[in-house]
Amino acid sequence: MLKSNKMIKESFSIKLAGPAGMGVKSGGQLFSKFFQSLGFYFHDYTEYPSLVRGGHNTYQATYGYQKIHAPHQKIDFFFSLKPGHCQQHQNEFYQSTLIFSDEKNPVLKGKFIHLPLLQLSSQAGNPLSTNIICFGITTFLLNQDKKKAIQLIPQIFSKNIKTNSTAFDIGYIYAQQNLKQYQQTLKTPKSGNKLTGSNDGNQAFAYGFLQGKGNFYTAYPMTPSSGALHLLAQKQANLSAVGGAQSALDSTRPSVKSVSGGEKQPDTFNIKVVHPEDEIAAASLATGAAFAGARSAVGTSGGGFALMNETISFCGVTEIGMVYYLVSRPGPATGMPTWTSQADLLHAVFSGHGEFPKVVIAPGDQQESFEFANIGLNLADQLQTPIIVLSDKFIAESSVSTTDLSKEKALVNRGKILNSVPKNFKRYNWITQSGVSPRCLPGTINGQFLANSYEHNQLGFSTENPIIAVKMRQKRAKKSEIAKTLSPKPKLFSNKNATNLIISWGSNKGPILEALKKLDNFAFLQIRTLWPLHNSIKNTIQKYKKIILIENNQTSQLGFLLKSLFSFSPTATILKFNGRPFFPEELIKKFKK
Amino acid sequence: MKTNFYNYKSSVVPTWCPGCPNFLLFSGLQSSFAKLKIPNHNIVVVSDIGCAGNMADFLNTYGIHSLHGRAIPTAIGVKLANPKLTVVVVIGDGGAYGEGLNHLITATRANYDIKVFVANNHLYSLTTGQASPTTKTGTKTKSTPQGYALKPINPVFLLKNVNPSILVENVNSKNPPKLFKKITNTLNHQGFALLDISQICISFGK
């Protein structure tokens, strides 16, 4: 039938589905680790409900010879780790998709193969080993080196090494005996993938924070932002640091800790990571730390960000620069906690009461999550105002091939900090081109000043004088202009044939670039700074006849900003707001219309 | 090192009502800073919102006039980022025991090395005299014309039960020498210390 006549050309996709607790994600990560080790690029995507056991979880990944910008919706190999998890995915199957499950054929599309997983896993001695059995089967089906595959298992599953390798063999041998007609040819990439790291957006942000000399991070756990908290908490050198004697300011250089193998690597950092009582405390702690000189950030999602709004306003008036890492999920209220959304754009842009400058930057992928963590910290120091790094679940919890982010360099800019100041130091000196007044850190002789939540004079003391109030507001407002020159510019992906323009932001970058691999008459403008909007956007827009705006929200929030600032309306708007990201296939379909 | 009493005072004239007990806390802090010889550039006073919080303007130290209820977590952030600083919180009963109670309990549990001074006048005075978390049950105020229905918070009892190893004491501002001594003791304590100062609001208190 399919024997050896099907050859994978550009890319292929694998999906695992099953209840929570069956190792759907960890099993999937094993597949990705394996194909990455063979030189493939990958991009994965997980779906899971907000519960710990049961339900319906999925892991899918697309593997390619070229960089994969987004996972494909259509699947080539589908594994249901327990019966009852494939029927709901029928529209993701080709006629040629191989669907494996331990049940009677429930699907109308694709090639269904009954797999006795219950029996095979009891042979292996572990009912939870179905993911590894499926990995063994796949290794045979794609005609890959068994030894290479087995040695990767302990990297994901450090326990039960013997049982796991038995489970792999059981799967491999079962496939050898029963599934030979489905074996396919998979050529491994010649040159190999240069991106040998693997990170999701949260990990990338955390590495960007560390490489950018961030040294104070607070977060109250909230999906989908907690991954950054977990990684940074692990990297904290002095784990008993609460109230500890060591200062985060003494040194931000990584301390050297020996790791197994005798090789010395910088593994932990002199940072403070705090999980406080609530998001209000998280934001307040971070402002206090930033005031004292730390490179400071908080992580949260929409609901927690709502609680932090008073602190954003506080940062605005006191000119305390810090980063708010806002990882969006669908609201309103608790909404759909484990799914993706871009519905918090206007919440971020208009956060905080009163009028004050702020910057909202949105990474479009994991590599940009790394870069924007440091850019955010730099902007916070340079502009002395709140900086929001707006991501979403699709970036934050999807892993892709990246460089080794723990070794990437980041350019650190600490803005204007004075080491010595005269008496009666004017911390909020309004004689400034940029609106930014040089600051000094507490501990500096003569530098005593007040960071005041009340409107204040140049020394920081409260004032209700109408002239001083206006001057101080005008000084702060100047920072919005400088922000436009310092923050990430819009990025145009174009080619000669492009007559139409796609405008979008954030995580849609991936699916759009993946779709554009198949279409050459579209250019794509990725807006990377959402506030303040860069003036060049207007010039770019004018060059194209047809303009399509794409957003993962219900009300086209970027559209609202473009309309109000540039009086611009797109030719068409594509919106999705069901908690799922865009898939390249659905975008191609819509673009062809 | 300039550690004379008057070096801790800014050029701003206090705006409190004449005779307000806040003046005692204000001069008590200045004299204790002088006594303990803490240079003013190494002190950060984080003030809450309210009459007592307005002290932010009157001191010549580093300062943050924070948001209502948030002085304690803001101060903890300062201390964690630079433990060499002496970090002091000036707060009222509304900020400490009402709006920011969750933060106070956490700071007590963690035993963060900050010094908290609560000007406890059993009333919201800057907003012209509504009931506070320490108002006596039955007291008629602008917001409770039928009498305050809740049981008041007893801060010393509460915080001692949360973490017996912290320093938490009450003192009445009617006894200034004792108040001054307790302020110095509180500043000298290693770890979390809170001084609850019973005061009377001379404008709205009865």
Inspect the surroundings of NZ in B/Lys35 and state if more than 12 heavy atoms from other residues, nucleotides or ligands are less than 6.0 Å away. no
Among B/Gly69, B/Gly63, B/Ser11, who wins on heavy-atom pairs under 4.5 Å with chain A? B/Gly63
So, do B/Ile64 and A/Leu450 sit near enough that their side-chain heavy atoms are less than 4.5 Å apart? no
Shortest non-hydrogen pair, A/Phe461 vs B/Ser10, comes out as CZ-CB, 3.7 Å
Quick one: do A/Asp278 and B/His103 satisfy side chain to side chain contact (heavy atoms under 4.5 Å, CB included)? Show the steps, please. CA-CA 9 Å; A/Asp278 59 26; B/His103 308 313; 3.5 Å; yes
About how many Å separate NZ of A/Lys272 and CD1 of B/Ile76, when rounded to the nearest 0.5 Å? 13.0 Å
Before you tell me yes or no, could you show the steps for B/Ile49 and A/Tyr454 under side chain to side chain contact (heavy atoms under 4.5 Å, CB included), namely the whole-Å CA-CA distance, both residues' side-chain angles and the distance that decides it to 0.1 Å? CA-CA 10 Å; B/Ile49 296 298; A/Tyr454 284 82; 3.9 Å; yes
Choice from A/Thr287, A/Thr218, A/Ile320, A/Ile445 maximising heavy atom contacts with chain B below 4.5 Å: A/Ile445
Report which part of B/Ala75 has an atom under 4.5 Å of a heavy atom belonging to chain A: side chain, backbone, both, or neither. neither
Would you call B/Thr74 and A/Phe291 a side-chain contact if the rule is heavy atoms closer than 4.5 Å? no
Return yes when atom CG of B/Asn161 has more than 12 non-hydrogen atoms of other residues, nucleotides or ligands closer than 6.0 Å, and no otherwise. yes
Between B/His68 and A/Glu310, is the side chain to side chain contact (heavy atoms under 4.5 Å, CB included) condition met? List the steps. CA-CA 10 Å; B/His68 187 47; A/Glu310 61 168 21; over 6 Å; no
B/Asp57 side chain vs A/Ser462 backbone, donor-acceptor pair below 3.5 Å: yes
Look at atom CD1 of A/Ile467 and say whether more than 12 heavy atoms of other residues, nucleotides or ligands are closer to it than 6.0 Å. no
Decide whether A/Gln448 and B/His41 meet the rule of one side-chain donor and one side-chain acceptor closer than 3.5 Å. no
What residue, out of A/Ala451, A/Ala290, A/Ala283, has the most heavy-atom pairs lying under 4.5 Å from chain B? A/Ala451
Heavy-atom donor-acceptor pair, A/Ser453 side chain to B/Ser66 backbone, under 3.5 Å: yes
Is it the side chain or the backbone of A/Ala281 that comes within 4.5 Å of chain B heavy atoms, both, or neither? both
Can you tell me if CG on A/Asn465 sees more than 12 non-hydrogen neighbours from other groups inside 6.0 Å? yes
Residue pair A/Gly443 / B/Asn42: nearest heavy atoms and the distance that separates them: CA-OD1, 3.6 Å
Would you confirm whether B/Tyr62, through its side chain, and A/Thr444, through its main-chain N or O, come within 3.5 Å as a donor-acceptor pair? yes
I'd like to know whether NZ of A/Lys416 has more than 12 heavy-atom contacts from other residues, nucleotides or ligands below 6.0 angstrom. yes
For B/Lys9, does the NZ atom sit with more than 12 other heavy atoms under 6.0 Å from it, leaving out its own atoms? yes
More than 12 heavy atoms of other groups within 6.0 Å of B/Phe192 CZ: yes
To the nearest 0.5 Å, how far apart are CD1 in B/Ile72 and CG in A/Leu285? 11.5 Å
